[in-house]
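Counting convention: from 1, in listed order, for ligands and their atoms alike. Any value given below was found using the heavy atoms of this structure, including those in side chains, with hydrogens, waters and symmetry copies removed. Treat the numbers as computed from the prediction; the structure is a model and nothing was measured.
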Amino acid sequence: MLHCDMTDQERDLYANLPPIDRKTVTAPGLRVAKQEGRKIVALTAYDASFARLLDEAGVDLVLVGDSLGNVIQGRSTTLPVSVDDIVYHTRAVAQGLQAALLVADMPFLSAATDERALHNAGRMLSEGGAAMVKLEGAGAMVDRVALLVANDIPVCGHLGLTPQSVHRLGGYKVQGRDEQARQQLLADAQLLADAGASALVLECVPTDLAAEVSAAIAIPTIGIGAGPHCDGQILVLQDLLGISAGRRPRFVKDFSEGRLPIRTALSAYVTAVREGSFPDAEHSYG
Ligand code: KIV
């Protein structure tokens, strides 16, 4: 149909569609974005309807996070989330996406051995339709990353505050504050990049440490509570919309300002990350 033949109503409908030249985001494309200095916009989603809205708003990467334990299942930690839960929600989200890269979280202990890692990550791709999995931590996980990548499963690492380690860490606290922890995080980030990870989530680390990691490694960092110098940003969707239960962490900004329509809040987030105005100092840790 020619644009000029459209009624006003049809034109409105087309205005809400994603730009037709929007390319599918791929694992190698994330590294290209970093090289070209384009910020990566990421968000979590757990169902097809929201996935479609995120895709239309121009979000690059959609994560089916084990945060679904908190925001969907109402649990106080992410530890009870199962592989089946993630596969189920990943399959739903896949139905709503056209261009964004779909990443599925590997839940607690799902990569505890090589066999489990390969089997469970494989399910995320073959049953869920994900194009990448996310794995928390370093140590033994470095070899798991290499194993998955060798088996054609792209991986996103996750360092800093890793919520599956909440009991070892003694709570949900900012990580990498002392010199030893800073050096460890820098070394772990390099090891994960060398193992073949495609990207790295940095959660709740001081702004200057996240900047140092981002400058040191060739793969993009995606920050949450890690300041403005990461190569991309991610938030939990319910936090962005201001509808999560409980205390709001410092790094969360309610882009709906308690009342804006969902599409407006999503595009405010996409614009703010792309132009680098989010997170500001108020939403970062010094
Ligand atoms: O589970 C999740 O949603 C996450 C993000 C907060 C990065 O891991």
> L147 pairs by side chain to side chain contact (heavy atoms under 4.5 Å, CB included) with which of V155, V142, D114, I153?
Replying inline: D114
>> My understanding is that only residues two or more places apart in sequence, or in another chain, count here; which of them pass salt bridge (charged side-chain N to carboxylate O under 4.0 Å, His left out) with E203?
In response: none
>> So which atom in G225 and which in Y285 form the shortest heavy-atom distance, rounded to 0.1 Å?
In response: O-CD1, 3.3 Å
>> One pair to check against side chain to side chain donor-acceptor pair (under 3.5 Å): S256 and D254. What are the steps and the verdict?
In response: CA-CA 5 Å; S256 84; D254 171 5; 2.9 Å; yes
>> Under a 3.5 Å distance rule, please check whether R91 uses its side chain to pair with a backbone N or O of E127 as donor and acceptor.
In response: yes
Quick check on ligand 1: any N or O pairs to the protein under 3.5 Å? One line per pair.
unit_1, atom_1, unit_2, atom_2, d
ligand 1, 1 (O), D66, N, 3.1
ligand 1, 1 (O), D66, OD1, 3.0
ligand 1, 1 (O), S67, N, 3.0
ligand 1, 1 (O), S67, OG, 3.4
ligand 1, 1 (O), D105, OD2, 3.2
ligand 1, 3 (O), S67, OG, 2.5
ligand 1, 8 (O), K134, NZ, 3.0

> Taking 4.0 angstrom as the limit, do K253 and E282 come out as a salt bridge?
Replying inline: no
